[in-house]
Protein chains: 2
Amino acid sequence: MKNGTYHHGNLKAELIEKGLEYIDRYGAESLSMRKLADAAGVSCAAPYAHFKNKDAFLDEVQEYITGQFLEALTESEKNCSDRSQLMLGLGICYVKFFSENPLYYRFLFNGRINDFKTYPPFVFFEKAAEEWLDAKPADSHYVILALWSMVHGLAQMVTIRGVVDTDHLEDEVGSIMRSVRIGENG
Amino acid sequence: MKNGTYHHGNLKAELIEKGLEYIDRYGAESLSMRKLADAAGVSCAAPYAHFKNKDAFLDEVQEYITGQFLEALTESEKNCSDRSQLMLGLGICYVKFFSENPLYYRFLFNGRINDFKTYPPFVFFEKAAEEWLDAKPADSHYVILALWSMVHGLAQMVTIRGVVDTDHLEDEVGSIMRSVRIGENG
DNA sequence: CTACAATCTTAACACTGATAAGATTACAGC
DNA sequence: GCTGTAATCTTATCAGTGTTAAGATTGTAG
């Protein structure tokens with residue numbers, strides 16, 4: 001190894017960063033701790049000083065991506081001037097996030113997130129939908145599940161080439177979401 | 001090995017069957033060719049006489065599950081007396097299939113199916129939706145994507161304990177699907 | 001400056017997918 | 001029946017993986 005670098009100094013952060021890059025390019029399936037250690041110029045056992053095991057490492061990567069995702073949703077809500085268009089805006093944001101990082105979708109929603117009820121982006125979406133739907137609270141539970149399912153399913157669809165035209169993503173998602181009507185508000 | 005069993009006689013089929021069982025119980029992530037070979041009482045290299053590699057094996061398993069899925073959808077359509085309720089019935093069937101085999105969802109839709117446009121169950125669903133929507137062909141494209149997204153997203157939701165009450169799955173899915181209205185038909 | 005904790009390396013283990021070389025068996029054609 | 005060929009299987013063997021143990025190096029608090 002290089003002289004004077006026995007202590008990397010920033011290994012944990014670098015591994016997470018390299019992990020994000022790798023997942024974004026090649027997906028999490030072929031990611032290995034050894035490759036990341038190699039890329040960081042460190043021995044194959046070094047990562048285990050910072051992470052209990054591979055799963056714990058991937059959990060931290062997941063949390064980082066979730067943070068980015070949540071930030072995008074928060075920003076989208078903040079920039080929404082017409083509250084009647086809130087769900088549309090959030091839906092587009094939701095789909096757009098995974099359209100730009102298709103492999104993130106697979107990484108997150110393949111067993112890693114196994115409790116939507118407490119998953120922050122879903123909680124955020126749920127809360128925004130409740131607020132948006134306050135006129136008709138009776139069946140809001142089902143409406144929210146319907147809305148979330150549609151947006152979430154759309155996100156998966158978009159991660160696959162050819163089904164949705166990603167060059168005009170906002171228009172496409174808008175057209176799809178507008179093609180169904182939600183209660184009196186839709 | 002046991003005497004007189006040098007030629008297994010039915011190894012390919014048995015491996016696929018054991019693969020289905022394994023994925024159903026533990027998921028595809030931890031499935032290994034060696035474990036299946038062991039379970040079939042055969043050496044670790046034997047499977048490679050029948051499958052080019054692990055991926056080709058999983059593809060055959062995928063095709064089998066897809067066949068079962070398609071069969072369920074076909075059966076559901078056949079048993080639909082009131083055509084106006086067709087999409088509801090197919091949606092319930094779609095969700096129910098993965099509710100009964102949650103790990104199949106993860107196996108199928110985690111990179112293994114990467115072209116919905118030609119994926120038989122989706123083509124089936126699309127065709128049924130088109131027929132159902134023939135009154136308003138103008139925006140049928142978007143309506144179909146909206147419907148499929150919702151049902152598909154719902155299926156994922158159901159594979160996770162707690163979000164949807166699987167004891168009353170049909171009612172729940174019905175309530176969710178009915179909470180949005182599709183054009184004049186919905 | 002010293003003890004301790006954090007960090008890293010080296011070496012090893014079991015498990016994985018995969019291939020090559022050779023053994024065994026089924027079977028078609030004679 | 002016999003024989004040759006193809007299919008099937010076993011026995012090594014390889015590189016790659018996650019992970020741990022033991023020990024070396026270094027930052028840092030006292």
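All chains are named by letter (A, B, ...) in the order of the sequence lines, taking the proteins before the strands, and each is independently numbered beginning at 1.
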Whole-Å distance separating the [atom1] atom of [X] from the [atom2] atom of [N]:
X: A:Asn10; N: D:dG27; atom1: CG; atom2: P; result: 15 Å
X: A:Leu11; N: D:dG27; atom1: CG; atom2: P; result: 15 Å
X: B:Leu58; N: C:dT16; atom1: CG; atom2: C1'; result: 14 Å
X: A:Leu36; N: D:dT19; atom1: CG; atom2: P; result: 13 Å
X: A:Glu29; N: C:dT16; atom1: CD; atom2: C1'; result: 16 Å
X: B:Asp38; N: D:dC9; atom1: CG; atom2: C1'; result: 15 Å

Discussion item. Which residues pass the side-chain contact (heavy atoms from CB on, under 4.5 Å) test with A:Leu31, not counting sequence neighbours?
Written reply: A:Tyr22, A:Ile23, A:Leu36, A:Lys54, A:Phe57, A:Leu58
Practice prompt. Can you sort out the partners of B:Glu17 under salt bridge (charged side-chain N to carboxylate O under 4.0 Å, His left out), two or more places apart, ordered by chain and number?
Written response: none
Worksheet item: Can you name the residues that form a salt bridge (charged side-chain N to carboxylate O under 4.0 Å, His left out) with B:Glu29, not counting sequence neighbours?
Response: B:Arg106
For residues 86-94 of chain A, which side-chain donor-acceptor pairs fall under 3.5 Å, sequence neighbours excluded?
unit_1, atom_1, unit_2, atom_2, d
A:Tyr94, OH, A:Trp148, NE1, 3.3
A:Tyr94, OH, A:His152, ND1, 3.0

Discussion item. When you measure from the side-chain N and O atoms of A:His50 to the phosphate of C:dA6, is any distance below 4.0 Å, counting only OP1 and OP2?
Written reply: no
Worksheet, complete the sentence: Sorted by chain and number, sequence neighbours left out, side-chain hydrogen bond (donor to acceptor under 3.5 Å, both in side chains) with A:Glu172 holds for B:Tyr142
Practice prompt. Output yes when a side-chain donor or acceptor of A:Thr66 lies under 3.5 Å from a complementary backbone atom of A:Gln62, and no otherwise.
Written response: yes
Enumerate the protein-to-nucleotides 17-19 of chain C contacts in which both atoms are nitrogen or oxygen and the separation is below 3.5 Å.
unit_1, atom_1, unit_2, atom_2, d
C:dG17, OP1, B:Met33, N, 3.1
C:dG17, OP1, B:Lys54, NZ, 3.0
C:dG17, OP2, B:Met33, N, 3.0
C:dG17, OP2, B:Arg34, N, 3.4
C:dG17, N7, B:Arg34, NH1, 2.5
C:dG17, O6, B:Arg34, NH1, 3.0
C:dA18, OP2, B:Tyr48, OH, 3.2
C:dA18, OP2, B:Lys54, N, 2.7

